[in-house]
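Please read the structure below before turning to the comments.
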Number of protein chains: 2
Amino acid sequence: MPPAKIIDNPIRAADNLILVFERQIMDGTLQDGEPLPTEREIVQTYGVSRTVVREAVLALSNKGLVEARPRFRPVVRKPGYDAAIDAVGSVVARLLTVPGGVRNLFDIRIMMEAALARGAALHANRDHIAALKTALEANEAAIDDSQLFFETDIAFHSVLYDVPNNPVLPAIHKGYTGWLSNHWMQMPRQPDRNRKNARAHRAIFEAILLRDPDAAEAALRTHLDAAWSQVRETFNDL
Amino acid sequence: MPPAKIIDNPIRAADNLILVFERQIMDGTLQDGEPLPTEREIVQTYGVSRTVVREAVLALSNKGLVEARPRFRPVVRKPGYDAAIDAVGSVVARLLTVPGGVRNLFDIRIMMEAALARGAALHANRDHIAALKTALEANEAAIDDSQLFFETDIAFHSVLYDVPNNPVLPAIHKGYTGWLSNHWMQMPRQPDRNRKNARAHRAIFEAILLRDPDAAEAALRTHLDAAWSQVRETFNDL
DNA sequence: CGTTATTTTTTGTCATACCAAAAGGCAGAA
DNA sequence: TTCTGCCTTTTGGTATGACAAAAAATAACG
């Protein structure tokens with residue numbers, strides 16, 4: 001056995017730079033929205049080559065700590081739940097391409113949202129109920145407008161994600177809608193389908209009103225299962 | 001809402017390379033476990049500079065499509081749920097450092113696992129029950145062995161993630177344990193705490209046996225809330 | 001003062017070079 | 001032969017310099 005290499009030590013210069021910038025972004029030395037220093041500035045400040053700088057910046061971009069459009073200065077983004085969800089977007093996008101990927105992701109969503117419906121029935125306060133009611137009415141009023149129905153549909157569901165008051169949840173919801181909207185949007189949205197979905201929303205709402213978690217979960221599952229069937233009818237290959 | 005970067009057209013050479021390799025990994029031209037070609041080979045094959053090649057490889061690494069240890073050839077990793085969870089690891093790690101981050105993440109876990117316990121009570125088959133029983137007994141037998149108790153604890157919970165037969169869930173569980181283990185492991189694990197946790201596991205198990213989803217969820221929540229209290233006692237700052 | 005033309009930066013890319021570590025080959029020992 | 005340690009080659013990590021094109025900054029203009 002070769003002398004035990006206890007720790008893989010090969011530290012790359014780029015990794016150090018990454019750590020430096022991560023710290024600076026954390027402690028506010030680099031404010032949110034502020035552009036990163038120019039590459040050449042960084043080169044002079046830290047005494048590394050531009051190669052290393054570019055590598056570090058690219059990595060930061062992949063981590064979602066900076067937003068880098070092709071020919072522009074990278075802009076610092078404070079680490080938040082939204083940014084995190086965005087950063088994992090490309091990873092999830094790939095998962096949707098593997099066989100059964102969409103189904104698996106959608107099942108996770110069903111599971112989470114069922115739990116949320118249950119939680120809403122148990123813990124929704126007056127504001128949440130009011131928000132649900134508003135969203136529901138907007139949704140029902142948009143039955144004949146495909147695009148608007150899509151948006152109000154999302155808005156209704158998003159209220160469920162607000163109830164537990166955990167900032168991770170709205171971020172997750174934004175992720176879901178973004179990732180699945182590709183499959184969602186190109187579906188034909190006939191008014192009768194919209195009507196059916198609006199009715200399902202009302203069923204969920206009423207179960208929450210009645211503080212009946214079992215009914216709320218059941219209604220939510222029925223709704224999303226039906227939605228899945230609609231998706232499946234549209235795309236034969238999933 | 002900035003949903004669409006419809007036209008961000010300045011295509012960088014590295015992006016093309018990334019797409020090429022993504023396709024090759026997808027269609028099997030590059031098999032799982034196989035090393036990527038050497039950087040200089042790629043340079044000659046695609047007629048780009050090494051700068052571009054490095055950038056592309058780094059990006060692939062950040063996306064979790066290849067595993068790149070510092071001085072070694074990057075190895076292709078088939079896109080799967082485990083790889084995806086790994087890829088988002090660094091992002092989540094950062095979330096754990098923001099104020100309340102650990103609490104928020106842990107709450108999400110409680111919510112999911114409560115739903116899983118519920119699902120297990122409703123849908124666990126004979127094999128799942130057997131696996132739970134085995135895991136539970138192993139856990140109870142390890143009360144006096146800190147390390148072993150930790151492992152069997154995880155094993156017990158992981159059965160819950162297997163029940164819905166959705167490959168995303170075990171991956172998520174692996175993520176949870178990895179991300180939270182830092183806080184978890186350095187906790188003092190006295191046998192009395194272990195005993196308490198083991199009792200909680202048994203309560204969950206019995207509720208599942210009785211096919212009582214409400215009891216299963218309640219037991220699970222009690223267990224994880226207690227676990228959180230233990231964490232909180234150890235770390236004053238969260 | 002606002003708009004446009006011009007100059008200066010800055011990014012994206014390429015080419016080349018060097019070093020140290022990994023990989024591979026090779027000869028000698030067991 | 002097989003194993004072992006040494007040596008050469010290959011390869012990744014980094015540095016430097018250069019150049020085109022795009023962005024930012026500045027000057028010129030109406």
Side-chain angles (χ1 to χ4, degrees), chain A residues 1-22 24 30-31 33-77 90, chain B residues 2 5-22 24-25 30-31 33-77 90:
Chain A
M1 180 167 104
K5 265 187 155 181
I6 305 189
I7 286 190
D8 271 72
N9 218 4
I11 30 172
R12 293 177 309 166
D15 292 330
N16 287 328
L17 247 195
I18 293 172
L19 287 180
V20 167
F21 281 116
E22 278 185 343
Q24 291 198 1
L30 286 169
Q31 287 286 336
E34 188 181 343
L36 234 51
T38 70
E39 294 179 354
R40 284 168 173 81
E41 249 176 291
I42 301 175
V43 164
Q44 299 209 339
T45 307
Y46 299 97
V48 293
S49 73
R50 202 146 80 90
T51 314
V52 171
V53 173
R54 303 202 95 250
E55 226 164 276
V57 171
L58 183 60
L60 290 174
S61 162
N62 288 122
K63 289 189 176 194
L65 277 169
V66 304
E67 193 168 10
R69 290 165 40 224
R71 280 241 164 217
F72 291 73
R73 289 269 283 287
V75 175
V76 173
R77 283 183 71 181
S90 75
Chain B
K5 298 204 253 182
I6 304 188
I7 301 190
D8 237 11
N9 229 5
I11 33 173
R12 290 175 310 165
D15 291 331
N16 287 329
L17 247 195
I18 293 172
L19 286 180
V20 167
F21 281 115
E22 276 185 344
Q24 291 197 2
I25 292 175
L30 285 169
Q31 288 284 335
E34 189 181 343
L36 235 50
T38 69
E39 295 180 353
R40 288 168 173 85
E41 250 178 288
I42 301 175
V43 165
Q44 299 210 336
T45 307
Y46 299 96
V48 293
S49 74
R50 234 179 111 207
T51 312
V52 172
V53 172
R54 303 203 97 248
E55 222 164 282
V57 171
L58 182 61
L60 290 174
S61 163
N62 288 121
K63 288 189 177 194
L65 278 169
V66 303
E67 193 167 12
R69 288 159 48 215
R71 278 244 160 214
F72 292 74
R73 292 269 284 287
V75 175
V76 174
R77 285 184 69 179
S90 76

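To find a chain, count down the sequence lines: A is the first, B the second, and so on, and within it residues start at 1.
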### Query
Rounded to the nearest Å, what distance is computed from the CZ atom of residue Arg40(B) to the C1' atom of nucleotide dT16(C)?
11 Å
### Task
Specify the closest pair of heavy atoms between Leu30(B) and Pro37(B), including all atoms of both residues, with the distance to one decimal.
CD2-CD, 4.5 Å
#### Entry: Within residues 42-53 of chain B, residues whose heavy atoms come under 4.0 Å of DNA chain C
Val48(B), Ser49(B), Arg50(B), Thr51(B), Val52(B)
#### Entry: Thr38(A) side chain, from C-beta outward: closest of dT14(D), dT10(C), dT13(C)
dT10(C)
### Query
Rounded to whole angstroms, how far apart are CG on Asn16(B) and P on dG12(C)?
15 Å
### Query
NA contact type, Arg73(A), heavy-atom cut-off 4.0 Å: base, sugar-phosphate, or nothing?
sugar-phosphate
### Summary
With sequence neighbours left out, the residues meeting salt bridge (Lys or Arg N to Asp or Glu O under 4.0 Å) with Glu39(A) are Arg50(A), Arg54(A)
## Note on the structure
Picking from dT10(C), dA22(C), dT11(D), the nucleotide nearest the side-chain atoms of Phe72(B) would be dA22(C)
### Task
Nearest 0.5 Å please: distance from the CZ atom of Arg77(B) over to the NZ atom of Lys63(B).
15.5 Å
### Query
Of Val53(A), Val57(A), Val75(A), Leu65(A), which meets side-chain contact (heavy atoms from CB on, under 4.5 Å) against Leu36(A)?
Val57(A)
### Message
As a test of reading the structure: which of dG12(C), dT14(D), dT10(C) is closest to the side chain of Glu39(A), going by heavy atoms?
### Response
dG12(C)
### Query
Arg69(A) has an atom CZ; how far is it from atom C1' of dA23(D), in whole Å?
11 Å
### Task
Rounded to the nearest 0.5 Å, what's the gap from CG on Asn62(A) to CG on Leu58(B)? Could you check?
6.5 Å
### Task
Send over the distance from Glu41(A) CD to dT10(C) P, rounded to a whole Å.
7 Å
### Query
Looking only at N and O atoms, is any donor in the side chain of Arg71(B) or the base of dG12(D) less than 3.5 Å from an acceptor on the other one?
yes
### Task
Give the intermediate values and the outcome of side chain to side chain contact (heavy atoms under 4.5 Å, CB included) for residues Phe21(A) and Ile42(A).
CA-CA 11 Å; Phe21(A) 281 116; Ile42(A) 301 175; 3.7 Å; yes
